[in-house]
Undergrad: 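Shown below is the structure under consideration.
All of these numbers come straight from a predicted model, not from anything done at the bench.
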Amino acid sequence: GARQNYLDAALCIADLTYLLGGVFMQFHRIGDGLGDYGMIRMANCLHLFLKVLETKVQQLRANLEQLSAAVDEALVLARARRARVPKPEPTERMRQRAHEAFERAVSSRESHSHMLLQTLEQL
């Protein structure tokens, strides 16, 4: 359900933080220390790393989309059906801001996750 999607998304974020903050920095250090030669020698490892990074971003995106669907079902659609909505109920402004943030980060054509995936594919 929604809680599991939330936990899975948090785990993906932790993995991405480690990959970008720890592993990717090692490639950066190799590039600084050994230049082009070092990066040419590490190309196979770098491509494998980029594939793993791309997979994690896709997993995060899928988890966030499932979480959004679950929240829509529990709050938005329930309210439209005049069903009981768990308290505290978000205000209209809160719902609008959450929807805009989700669009910006995940679901729009120019979202952060889409742009990151495009950049990873170009590398």
Undergrad: Can you hop from Met115 to Ile13 via hydrophobic side chains spaced under 4.5 Å?
TA: no
Undergrad: Under a 4.0 Å N-O cut-off, is there an ion pair linking Arg104 with Glu100?
TA: no
Undergrad: Distance check, rounded to the nearest 0.5 Å: Thr119 atom OG1 versus Leu53 atom CG?
TA: 10.5 Å
Undergrad: Does Asp36 have more than 12 heavy atoms from other residues, nucleotides or ligands lying within 6.0 Å of its CG?
TA: no
Undergrad: Tell me yes or no: between the side chains of Gln59 and Asn63, is some donor less than 3.5 Å from an acceptor?
TA: no
Undergrad: Which one of Asn5, Val106, Leu60 satisfies the side chain to side chain contact (heavy atoms under 4.5 Å, CB included) criterion with Glu65?
TA: Val106
Undergrad: Is there any ring-ring contact (aromatic ring centres under 6.0 Å, His included) pair reaching into residues 19-46, and which pairs are they, with sequence neighbours excluded?
TA: Phe24-Phe49, Phe27-Phe49
Undergrad: Supply the atom-to-atom distance Gln122 CD to Leu117 CG, rounded to the nearest 0.5 angstrom.
TA: 11.5 Å
Undergrad: Nearest heavy-atom pair of Arg61 and Ser108: which atoms, and what distance?
TA: NH2-O, 4.4 Å
Undergrad: Between Met39 and Leu19, is there shared hydrophobic-cluster membership here, with clusters defined by ILVMFWY side-chain heavy atoms closer than 4.5 Å?
TA: yes
Undergrad: OG of Ser113 to CD of Gln58: how many Å apart, nearest 0.5 Å?
TA: 10.0 Å
Undergrad: CD/Gln26 to CD1/Ile30 distance, rounded to the nearest 0.5 angstrom?
TA: 7.0 Å
Undergrad: Restricting to side chain to side chain donor-acceptor pair (under 3.5 Å), what partner residues turn up for Ser68, sequence neighbours left out?
TA: none
